[in-house]
Amino acid sequence: MSKRICGVCGYEYDPAAGDPDNGIAPGTAFEDLPASWTCPVCGASRDEFEAGEEQPAAPAGGKDMAMYQCQTGNCGYIYRPEKGDRKGKIPAGTAFADLPDDWRCPVCGASKKMFQKLG
């Protein structure tokens with residue numbers, strides 16, 4: 001069972017974890033998800049998901065490679081530097097601080113200042 005990644009927001013569906021908040025038990029393969037299942041972060045359909053690829057994280061080189069979470073409403077999108085932002089054409093390995101000033105949350109459109117560092 002392989003992971004799948006939402007092409008809209010970057011959410012990663014892990015079959016080992018399932019999606020218990022939406023009634024999907026751990027161990028459920030992506031192919032076995034109901035046709036009506038949508039991304040729990042942005043609501044994208046199953047057709048928007050791509051096969052997950054294991055990408056090594058880019059060397060940090062002393063940069064802060066922490067994750068940041070959008071704090072607007074119920075969005076909750078998490079920017080993960082090791083994955084970048086496909087929708088915004090931000091390559092994997094890009095630290096949050098290195099995102100362009102006009103970068104926006106790919107889910108709700110919030111600005112960078114609406115994000116909070118995790119951990």
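If you're wondering where the values come from, they're calculated on a predicted model, not measured in any experiment. Start at 1 with the first residue, then count along the sequence.
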Handout entry: Side-chain (Gln116) to main-chain (Met114) donor-acceptor, under 3.5 angstrom
Key = no
Exercise for the section: Work out which heavy atom in Thr72 is nearest to a heavy atom in Cys108; give both atom names and the distance. Expected result: OG1-SG, 3.0 Å
Practice task
Would you mind checking if Glu12 and Arg80 are paired as a salt bridge, meaning a charged N to carboxylate O distance below 4.0 Å?
Solution key: no
Run the side-chain donor-acceptor check on residues 19-27: report pairs under 3.5 Å with partners two or more places apart or on a different chain.
| from | atom 1 | to | atom 2 | distance (Å) |
| --- | --- | --- | --- | --- |
| Asp19 | OD1 | Asn22 | ND2 | 3.2 |
| Asp19 | OD2 | Asn22 | ND2 | 2.9 |
| Asp19 | OD2 | Trp37 | NE1 | 3.0 |

Problem - Any residue meeting ring pair (Phe, Tyr, Trp, His ring centres under 6.0 Å) with Tyr11, in chain and number order, not counting sequence neighbours - result: none
Problem - ILVMFWY cluster, Trp103 and Val41 together (side-chain gap under 4.5 Å) - result: yes
Practice task
Among Ile, Leu, Val, Met, Phe, Trp and Tyr joined by side-chain contacts under 4.5 Å, find the other residues sharing a cluster with Leu118 and list them by chain and number.
Solution key: Met67, Ile78
Exercise for the section: Output every pair passing salt bridge (Lys or Arg N to Asp or Glu O under 4.0 Å) with a member in residues 109-119, not counting sequence neighbours, ordered by first then second residue. Expected result: Asp64-Lys117
Problem - side chain to side chain contact (heavy atoms under 4.5 Å, CB included) assessment of Phe30 paired with Arg46 - result: CA-CA 9 Å; Phe30 185 82; Arg46 287 180 44 187; 4.1 Å; yes
Exercise for the section: Heavy atoms only: give me the nearest Ser2-Pro15 pair and the separation to one decimal. Expected result: O-CG, 3.3 Å
Exercise for the section: If a pair satisfies salt bridge (Lys or Arg N to Asp or Glu O under 4.0 Å) and one of its residues is in residues 87-106, list it, with sequence neighbours excluded. Expected result: Lys63-Asp98
Practice task
Nearest 0.5 Å please: distance from the CG atom of Asp14 over to the CD1 atom of Ile5.
Solution key: 11.0 Å
Practice task
Enter the distance from Tyr13:OH to Cys6:SG here, rounded to the nearest 0.5 Å.
Solution key: 14.0 Å
Fill in the blank from the handout: When rounded to the nearest 0.5 Å, the distance separating CD of Gln69 from OH of Tyr77 is 11.0 Å
Exercise for the section: State which residues pass salt bridge (Lys or Arg N to Asp or Glu O under 4.0 Å) with Arg4; sequence neighbours excluded, sorted by chain then number. Expected result: Glu31
Practice task
Taking the six-membered ring for Trp and the single ring otherwise, decide whether the centroids of Tyr79 and Phe115 are under 6.0 Å apart.
Solution key: no
Fill in the blank from the handout: For Thr38 and Ser45, the nearest pair of non-hydrogen atoms, with its separation, is CG2-CA, 4.5 Å
